[in-house]
Every structure is written in structure tokens, then in C-alpha cells.
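Worksheet for the structure shown next.
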There are 2 protein chains.
Amino acid sequence: MSSDLRERRRRQTADDIQRAALRLALRCGFEALTTEAIAAEAGVSPRTFFNYYANKQAALLGRPPRMDADEACWIVHSDAPLLDDLVALLTGLVEDGARLDRPKIRMVRQVLDASPELEPLFHDMLEGNTRVLAGLLQQRLGMDAPAEAELIAGLATGALSHAVRDWASADDLPAAEIKVLLRRRLQAVCRLLCA
Amino acid sequence: MSSDLRERRRRQTADDIQRAALRLALRCGFEALTTEAIAAEAGVSPRTFFNYYANKQAALLGRPPRMDADEACWIVHSDAPLLDDLVALLTGLVEDGARLDRPKIRMVRQVLDASPELEPLFHDMLEGNTRVLAGLLQQRLGMDAPAEAELIAGLATGALSHAVRDWASADDLPAAEIKVLLRRRLQAVCRLLCA
DNA sequence: GCACACTGTTGCAGTCTGTGCAATGTTTGC
DNA sequence: GCAAACATTGCACAGACTGCAACAGTGTGC
């Protein structure tokens, strides 16, 4: 195994930095948070901080699960209802392995709630996934609906983040329930708009 | 009128700065764009630049039309279908006065197209409106659907920005057609998801 | 006209963010 | 072990952004 140890270390350091950032943000607020302080708290040099995260916002959120276009391309030619496919694809994103760390997500939420100006952060973090999904949906829906593809992609990832948020604030909801929350949300939006 | 001349000047300067930013961005790319260069091109001091825009991204987009919660609160108690109300409210945002400057919007698009990393910009610019709309929708939909309200608000403002984009890239589409584009988009999303 | 308040512009000094580079360690494959 | 690959770090520096205080232009009341 070549990069196994290195890989684990990288993950560990990335996680250390994120936790340091969250701890400091909760203690002193986002305004007073500096990259230097985060680096010190995490026990790395300021320069190293930027080897892991592009900025302190990214450090707070950590590395988001990335949707892999090749793994997800089945959705292009599926015959199942779009809603079902979206739910399956997106829950796959957050269900594989123990990706979801409830206390960490709660800390993130606390920080975001305390600083409303950070609201766009969540969106930006999911932006990458939204783009991938939008590309796939464009293929599925055909050339004439690029806008619809992007809108649905944004709506779906937004619904996922709400579902994850709700899951994180509940005390003992199993991760499998995220699927249900996500579906309910999308259906509700549909119903409200179609009425 | 005391503040009339001043107000006009402020608008003029804000517009000068935006145009300077767009010109430079198109000429040299967003990467090479500095606030100092924008200020120089616009004929103001670097310090003044920040009196008008919080950062260079904001300068590129200009002051977006702001939704006024008090003016828009009729939507809370309306009995009309939600879709109709959304279309009316949002088109009202962009239709009053000659707010929409087609060549300017096209320049913005060119810049955004040239720098994909700026994609989140549009979203962030509309963030304020999304929040206002989300608040209103939360009142309309009741306490038990905060997530749905936010999702619909995001979807609707996203659809509006697509509609405006399409309008801007067409050569002689009247602004009134934005309403049609917006409605079509939202309906299409609905249809695709409900199926 | 003149003094006055109001508002906007500017320069300056300073903090924080973020990057390129080169030196120094550490891991890995062989 | 040794060499290649990779990670960490310090340093120097450019750019973003802010607070403050001085200054200039405009409108107001007299």
C-alpha cells in the first residue's frame, strides 16, 4: 500500500484543522477567526493551513463528499421517475461509509446560525456537486432544457442539505431516514408549485 | 429636493465603477483584475471603490434590484396559486423602470462564462432576495414548512436569473417576455419532478 | 453672501488573506 | 539504504479590506 498511511494522515490533518476552526469559531465568533489562529490551534504552520483549505470558510465546512460523474452516470439513461433517481443518487452521496459526523455537522450549524452572512457557504460547498448533477441531468433531459437541469440540480442538492441538517439536529434518527426526508421535501415543493 | 442630485451621482459612480470592472475583466480576465485597477479605470480612489462595493465580485454584478418585504407582503395572504404569485412578484422586481441594461447583462455573462469559478456569484447576488422571499413564503406556508419555503425561494430566484439571462442573450425580446420564460421554467421543473 | 451641517472623497496606516518559491524533513518503492 | 516523491515550513510579497481623520463639494437657513 503506497499512499495508505499518507492518505490517512492527510485526512487526519484535514480533520484536525476543521475541528480547530470550528472550536475557535464557536468560542470567538467567525469575525474574530483568523487563519493564523486556526493553524496554531491545529498545530500546523499557517502555510500548511492553505495546503489543505483554500480559505477559512472551506476549513469550517471540511471536505464535502464529492459526487463522481462516472459512478453517477446511470441516471442519464434511467427509465425510473426522476424523483426516485434523484433521491437514490443523492442519498448515495452521504450514506456510503460513516461520512456523516453528527456532532461535527451540529457544530457547523451552530457556527452558521451565529453568522447569517455565512449562509451562502453551504450552497457554495455543494456547488461542485450541483454542477456535476446539472451536467448529468442535461444529458438526461436533452439539449433543450439546460436551465431546467440546473434548477432541478440546485433544488435537489438544496433539499439534501436541508435533509442532512434535520437529521443532524435530531437525536437518534438513523441515517437511512435522510432518504425519506429528502423525498418528502422534493414532493412537497412539487405539490406546492403544481397546485 | 436635497438628495436628488446626490442620489443621481451615487448611481452614476456606482455604474462607472461597475463598467470599469467589466471592461477590465473582459480585457484581462478576472484573475488579473485588481481593485486598484478598477478604481483607476473608474477615476476614483481605491478607498472610494470600497465605499461602493464590498469587493470586486460585487462590483462586477452591480447593485442588484432589492425586493422590499413590505411591498411584497401581499403574497403571504394571497389565495391565488403559488406559481402565479411567484411569477408576479419576481417579474415585478426586474420590470419596474429601465432596470435591465441588456448590454451590461451580456458583459456580466461573458465574464462569468470566462471564469467558471465565479458561478456562485449570481447566486450570492440574489441571496438577499432569496432570503426575503423565503421569509414571506414561510409565513404563507405555515410554521411546519420552513425548508420547503427556502427551497422554493431558491428555485424561483434561480429561475428568474435564468429567465433574465435568456432574455439578455436574445436580440429583441421585450422585457415583458421574462414573465413567460420564468413561468415556463417553473412549470417545466414541476412537470419533470412530479412525473 | 455667509456660516453651517451633511455627505462624499481621499490618503494613510495597518491587518488579514492567499501564493510562489526554495529549503528541509519524511515516506515510499526498490 | 538510496533515490524519488511528497509534505511541511519559513519567507517575502501582492492584494483585499477597514478605521480614521482630514478635506472638499452641496444644499440650507439666515
Side-chain angles (χ1 to χ4, degrees), chain A residues 1-22 24-25 27-63 111 115 117-118 120-121 124-125, chain B residues 1-25 27-63 111 115-118 120-121 124-125:
Chain A
M1 287 286 103
S2 85
S3 51
D4 194 27
L5 173 67
R6 271 183 175 158
E7 180 62 18
R8 250 186 315 152
R9 276 207 176 174
R10 266 194 89 73
R11 279 182 197 285
Q12 180 65 47
T13 306
D15 192 63
D16 287 347
I17 295 176
Q18 185 191 3
R19 286 177 194 281
L22 286 170
L24 289 179
R27 200 183 308 153
C28 324
F30 180 77
E31 277 311 297
L33 193 63
T34 69
T35 57
E36 209 180 328
I38 299 172
E41 173 91 6
V44 297
S45 81
R47 187 63 187 79
T48 298
F49 172 89
F50 287 105
N51 289 342
Y52 281 86
Y53 296 102
N55 47 51
K56 57 182 172 174
Q57 292 89 339
L60 284 174
L61 297 173
R63 313 290 193 119
V111 173
S115 315
E117 78 274 13
L118 296 180
L121 262 198
D124 292 1
M125 175 180 73
Chain B
M1 283 289 99
S2 88
S3 55
D4 193 28
L5 171 66
R6 277 182 170 155
E7 179 62 16
R8 252 187 313 152
R9 276 208 175 173
R10 264 195 89 73
R11 280 182 196 283
Q12 180 65 47
T13 306
D15 192 64
D16 288 347
I17 294 176
Q18 185 190 5
R19 287 177 193 281
L22 285 170
R23 234 173 311 151
L24 289 178
R27 199 184 308 153
C28 323
F30 180 76
E31 275 313 296
L33 193 63
T34 69
T35 57
E36 209 180 329
I38 298 172
E41 174 90 7
V44 298
S45 82
R47 188 62 186 81
T48 298
F49 173 89
F50 287 105
N51 288 342
Y52 281 86
Y53 296 102
N55 48 51
K56 57 182 172 173
Q57 292 90 339
L60 284 173
L61 297 174
R63 312 289 192 121
V111 172
S115 314
E117 78 274 14
L118 296 181
L121 262 198
D124 293 359
M125 174 181 72

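Not measured: the values here are computed from a predicted model. Residue numbering restarts at 1 for every chain, and letters A, B, ... go by the order of the sequence lines. Values below: all heavy atoms of this structure, side chains included; hydrogens, waters and symmetry mates excluded.
- For A:R10 and D:dA5, the CZ to P distance is 17 Å, given to the nearest whole Å.
- Counting non-hydrogen atoms of neighbouring residues, nucleotides and ligands closer than 6.0 angstrom, the CZ atom of B:R23 exceeds 12 such neighbours.
- Expressed to the nearest 0.5 Å, how far CG of A:N51 lies from OG1 of A:T13 amounts to 10.5 Å.
- Rounded to an integer number of Å, the gap from A:Y52 OH to D:dC6 P is 14 Å.
- Taking atom CZ on A:R6 and atom P on D:dA4, their separation rounds to 15 Å, with Å as the unit.
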Extract from the structure each pairing of a protein N or O with an N or O of nucleotides 17-24 of chain C at less than 3.5 Å, listing the distance.
| from | atom 1 | to | atom 2 | distance (Å) |
| --- | --- | --- | --- | --- |
| C:dT17 | OP1 | A:T35 | N | 3.3 |
| C:dT17 | OP2 | A:T35 | N | 3.2 |
| C:dT17 | OP2 | A:T35 | OG1 | 2.9 |
| C:dG20 | N7 | A:R47 | NH2 | 3.1 |
| C:dG20 | O6 | A:R47 | NE | 2.6 |

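- Phosphate proximity of D:dT9 to A:S45: present, with a side-chain N or O under 4.0 Å from OP1 or OP2.
- The two residues A:A39 and A:F49 make their nearest non-hydrogen contact at CB-CB, 4.3 Å.
- For A:N51, whose side chain is taken as the heavy atoms from C-beta onward, the closest listed nucleotide among D:dA5, C:dG11, D:dT9 is D:dT9.
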Under 3.5 Å, which N/O atoms of the protein pair with N/O atoms of nucleotides 22-24 of chain D?
none

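- The interatomic distance linking A:E7 (CD) with C:dT27 (P) rounds to 15 Å, in whole Å.
- For the atom pair A:L60 CG and A:I38 CD1, the distance stands at 6.0 Å (nearest 0.5 Å).
- What separates CZ of A:R8 from P of D:dA7 is a distance of 15 Å, to the nearest Å.
- A distance-only check finds no donor-acceptor pair linking the side chain of A:R10 to the backbone of A:Y52 [under 3.5 Å].
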Tell me, with the steps shown, if A:R11 and A:E7 meet side-chain contact (heavy atoms from CB on, under 4.5 Å).
-> CA-CA 6 Å; A:R11 279 182 197 285; A:E7 180 62 18; 3.6 Å; yes
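- For the pair B:E41 (side chain) and B:A21 (backbone), a donor-acceptor distance under 3.5 Å is absent.
- What you find for B:A54 and B:A58 is that their closest heavy atoms are N-CB, 4.4 Å.
- Between the CZ atom of B:F30 and the C1' atom of D:dA16 there is a distance of 11 Å, given to the nearest Å.
- Atom NZ in B:K56 sits 11.0 Å away from atom CG in B:L24 (nearest 0.5 Å).
- Closest approach to the A:R9 side chain among C:dT26, D:dT9, C:dG8 is made by C:dT26 (side chain taken as heavy atoms from C-beta onward).
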